[in-house]
Amino acid sequence: MSILEQLEQLKAEAEREIKEASQQSKIDELWTKYFGRKGGELTSILRGVKTLSAEERPAVGKAANEVKVFIEELFAVQKEKIYQDGLAAKLSAEQIDVTLPGKWKAPGRIHLLNITMRRIKEVFKGLGYSVVSGPEIETDYYNFEALNIPSNHPSREMWDSFFLREGLLMRSHTSPSQVHVMEKQEPPVRVICPGKCYRRDAVDATHFWEFHQVEGLLVDKNVTFSDLKGTLELFAKGMFGHRRRTRFNPSYFPFTEPSAEVMVDCFVCDGKGCRVCKNSGWIEIMGSGMVHPRVLKGVGYDPEKYTGFAFGMGVERIAMLTYGVDDIRLLYEDDMRFLSQF
Ligand code: DAH
């Protein structure tokens, strides 16, 4: 076979083989077959051109070069085709159907009680109070005795508190935290103690056996009842709006003297009278008073030198009043239809 014939045959074979190649590895293999330095079929022919006679050389050389360019072109085209095919396959495999409906992921929310708790804390932090917590299991001493609650007081009855083994109970209010704080530090004291409390109450729309309170305590030199009034008035405005007014009604707590119930004018009807304030125009939001000298003495404070005020509020009650919830049990059931409203 003449060289020109060999070239024709090579050209036809290369065209068929390269066009059939569907993978880059096959292309590499064919490249070596035709253009490999050692034994490449076209390389050998091109090398052979040198040995030809001067008459033959130009025509064969030209033809060989044309075949070389032709095959190189085939390789380039096929390589691009393989790349494009691969890309198209990848894109169609990863295709996203943007018309499909999305999957709903319910975002988490803060529970109504925690929203309320956070707001109460924020207001008192703004007034310079620090937040301290006390234990939920208490001794008789902290829950009652140190708070001047005598042993014949009704809250000591089995019916009111959850008693554990001898001398221990689930705290029935957050007031014992006051005693812990005062035992640990000297005045001035300015703290709030939020936390859970437990009582053996029959469950109804406004009572539940677990609930939250926020206790407050301030002790220093020359603290008077007007400080109590000013502070709790600021709290009421911070919590329920700057237009709110407060009123202090005489009350009784064993650990404060004098004691007062704190009322705020109804934020639902603006004091006109409605269902929430039971037509009185006022809503009770907490108990308060000047810390009883016996309580101060009990923790080693000198009542001649220091005075203080304390207060305690029910978080569930405040949450219910603020958001118009009429059953405390809703706060303890995980009903998303209710919870997702807040
Ligand atoms: N501990 C009281 C209760 O559970 C609330 C309370 C009233 C706390 C007056 C106080 C206070 O610190 O001064 O009903």
Side-chain angles (χ1 to χ4, degrees), residues 117 120 124 127 129 131-136 138 140-150 153-157 159-162 169-183 189-201 206-220 223-233 235-236 246-264 283-296 298-299 301 303 306-318 321 328:
M117 191 68 109
I120 296 172
F124 282 110
L127 294 172
Y129 284 69
V131 182
V132 177
S133 58
E136 285 177 26
E138 276 295 3
D140 188 85
Y141 177 77
Y142 285 101
N143 200 77
F144 302 121
E145 198 74 39
L147 292 164
N148 193 35
I149 301 174
H153 194 278
S155 62
R156 291 213 181 186
E157 287 284 308
W159 198 246
D160 287 279
S161 302
F162 284 111
L169 71 158
M170 304 304 291
R171 67 175 173 195
S172 59
H173 53 173
T174 45
S175 300
S177 306
Q178 291 185 24
V179 182
H180 289 293
V181 169
M182 289 190 283
E183 281 183 345
V189 171
R190 196 188 293 185
V191 293
I192 54 165
C193 314
K196 240 179 182 183
C197 308
Y198 304 85
R199 277 185 208 174
R200 292 185 58 180
D201 276 334
T206 54
H207 295 84
F208 203 65
W209 51 268
E210 61 175 334
F211 57 95
H212 296 76
Q213 286 188 338
V214 174
E215 191 77 14
L217 175 71
L218 183 143
V219 184
D220 204 347
V223 178
T224 67
F225 197 84
S226 64
D227 296 314
L228 178 158
K229 285 184 72 178
T231 301
L232 297 181
E233 193 174 320
F235 166 73
T246 43
R247 200 172 84 178
F248 296 78
N249 285 359
S251 185
Y252 170 75
F253 298 102
F255 34 92
T256 47
E257 181 59 35
S259 304
E261 227 171 52
V262 185
M263 318 282 287
V264 56
I283 295 173
E284 190 233 306
I285 54 165
M286 66 174 109
S288 68
M290 300 306 290
V291 183
H292 199 292
R294 258 185 240 158
V295 175
L296 295 176
V299 295
Y301 284 8
Y306 296 110
T307 47
F309 63 77
F311 52 88
M313 66 192 90
V315 182
E316 280 75 2
R317 182 175 158 75
I318 292 187
L321 288 168
I328 193 171

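For ligands, and for the atoms within them, numbers begin at 1 and follow the listed sequence.
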**Asked** Quick one: does Ala310 get an N or O within less than 3.5 Å of an N or O on ligand 1?
**Response**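 So ligand 1 has an N or O lying under 3.5 Å from an N or O of Ala310.
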Pairs of nitrogen or oxygen atoms closer than 3.5 Å, one from Gln213 and one from ligand 1: do any exist?
yes
Select the closest option to atom 14 (O) of ligand 1 among Arg199, Glu215, Met286, His173, judged by heavy-atom distance.
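Looking at heavy atoms only, the winner is Arg199.
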Exercise. Do Phe208 and Tyr198 pass the ring pair (Phe, Tyr, Trp, His ring centres under 6.0 Å) test, and can you show the C-alpha distance, the side-chain angles, and the key distance before you say yes or no?
Worked result: CA-CA 8 Å; Phe208 203 65; Tyr198 304 85; over 10 Å; no
For [X], take its heavy atoms, then give the atoms of ligand 1 lying under 4.0 Å from any of them.
X	result
Thr256	13 (O)
Ser288	9 (C), 11 (C), 13 (O)
Gln178	12 (O)
Gly289	13 (O)
Phe253	7 (C), 9 (C)

Run the ring-centre check on Phe309 versus Phe225 and record whether the distance is less than 6.0 Å.
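Centroid separation for Phe309 and Phe225: 6.0 Å or greater.
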- Please confirm whether Phe144 and Phe255 have ring centers closer than 6.0 angstrom. no
Closest approach of Ser172 and Phe211, non-hydrogen atoms and distance?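 Residues Ser172 and Phe211, closest heavy atoms: O-CZ, 3.8 Å.
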Would you check whether [X] reaches within less than 4.0 Å of ligand 1, judged by its heavy atoms?
X	answer
Arg171	no
Phe309	no
Met313	no

- Fit a plane to each ring of Trp209 and Phe162, take the angle between them on a 0 to 90° scale, and name the class: parallel (under 30°), tilted (30 to 60°) or perpendicular (over 60°). perpendicular
Exercise. Taking it one step at a time, do Met182 and Val219 satisfy side chain to side chain contact (heavy atoms under 4.5 Å, CB included)?
Worked result: CA-CA 9 Å; Met182 289 190 283; Val219 184; 4.1 Å; yes
The protein heavy atom nearest to atom 2 (C) of ligand 1 is Phe255 CZ, 3.9 Å
From the list Ile120, Val131, Ile318, Thr174, side-chain contact (heavy atoms from CB on, under 4.5 Å) partner of Val214 resolves to Ile120
Yes or no on side chain to side chain contact (heavy atoms under 4.5 Å, CB included) for Glu284 and Val262, after CA distance, side-chain angles and deciding distance? CA-CA 6 Å; Glu284 190 233 306; Val262 185; over 6 Å; no
